[in-house]
Amino acid sequence: MDARLNLFGNPLLGTFLKHLNSAGKVISDSALPAATQELVKIRASQINGCGFCTDMHTKDAAKAGETATRLNLVAVWREATVFTDAERAALELAEQGTRIADAAGGVTDEAWANAAKHYDEEQLAALVSIIAVINTYNRLNVIVQQPAGDYQPGQFG
């Protein structure tokens with residue numbers, strides 16, 4: 001399988017990805033726990049059917065010490081006992097923020113209030129930002145049919 005466009009060879013997309021990666025760096029350097037960041041990226045990528053990002057973020061999370069049990073249960077986090085209340089709140093916000101078109105009102109006040117119980121304002125800002133950024137990456141990869149499976153942890157720096 002070949003991608004429809006070379007995301008890394010196209011000058012316009014290369015410039016766009018450089019800026020998107022800079023936004024991602026701001027978030028990764030934030031006070032939002034790294035494990036939460038990866039769980040959110042994995043869940044949004046699963047929802048969006050982005051194999052490339054799902055592959056990347058599960059591998060990066062595993063390399064960072066995430067357990068296989070937790071990685072295998074991200075898609076069914078509501079029924080899993082291995083996530084903290086804070087992680088569950090972040091996953092709910094990520095799902096609602098990713099499925100905006102599926103929910104008439106977007107993100108519910110209840111989901112927001114639950115996240116706000118666990119995260120301070122800076123962490124909430126990072127959480128909202130990471131949901132937006134991963135959804136952008138997912139859409140790029142899905143549109144161009146970026147192949148999945150060959151990612152190596154740390155491949156992009």
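All values below were derived from every heavy atom in this structure, side-chain atoms included, with hydrogens, water molecules and symmetry-related copies excluded. Along the sequence shown, the residues carry numbers beginning at 1. Since the structure is predicted, the reported quantities are computational estimates derived from the model, not experimental observations.
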*Could you walk me through whether L93 and V40 pass the side chain to side chain contact (heavy atoms under 4.5 Å, CB included) check?*
CA-CA 9 Å; L93 193 65; V40 164; over 6 Å; no

_With a 6.0 Å cut-off (strictly less than), is the heavy-atom count around CD of E79, excluding the residue itself, greater than 12?_
yes

*Kindly check if the number of other-residue, nucleotide or ligand heavy atoms within 6.0 Å of CG (D2) is above 12?*
no

Determine whether a donor-acceptor pair (N or O, by modelled atom type, separation under 3.5 Å) exists between the side chain of [X] and the backbone of [Y].
X    : Y    : result
R139 : N135 : yes
S45  : K41  : yes
R43  : E95  : no
N72  : A68  : yes
Q123 : A31  : yes
R70  : V82  : yes
E38  : A35  : no
K59  : Y151 : yes
N48  : C50  : no
S30  : V26  : no

Please check if [X] and [Y] belong to a single hydrophobic cluster, counting links between Ile, Leu, Val, Met, Phe, Trp and Tyr side chain heavy atoms closer than 4.5 Å.
X    : Y    : answer
V76  : L39  : yes
M56  : L7   : yes
I134 : L127 : yes
V142 : L13  : no
F52  : L17  : yes

Looking at [atom1] of [X] and [atom2] of [Y], how far apart are the two atoms once the value is rounded to the nearest 0.5 Å?
X    : Y    : atom1 : atom2 : answer
H118 : T84  : NE2   : OG1   : 7.5 Å
L32  : L124 : CG    : CG    : 9.0 Å
I47  : D102 : CD1   : CG    : 9.0 Å
D55  : T58  : CG    : OG1   : 5.5 Å
I131 : T136 : CD1   : OG1   : 12.0 Å

Just checking, any donor-acceptor pair under 3.5 angstrom between side chains of [X] and [Y]?
X    : Y   : value
T108 : Q96 : yes
E92  : W77 : no
Y137 : N21 : yes

Which atom pair, heavy atoms only, marks the closest approach of [X] to [Y]?
X    : Y    : answer
G154 : D60  : N-OD1, 3.7 Å
K63  : P153 : CD-CB, 3.4 Å
A3   : Q146 : CB-OE1, 3.6 Å
C53  : N141 : SG-ND2, 3.3 Å
Q37  : I27  : NE2-O, 3.3 Å

*For F8, which residues count as a ring pair (Phe, Tyr, Trp, His ring centres under 6.0 Å) partner, sequence neighbours excluded?*
F156

_Any I130 side-chain heavy atom under 4.5 Å of T36 side chain_ = no

*Within-4.5 Å side-chain heavy-atom neighbours: W112 and V128*: yes

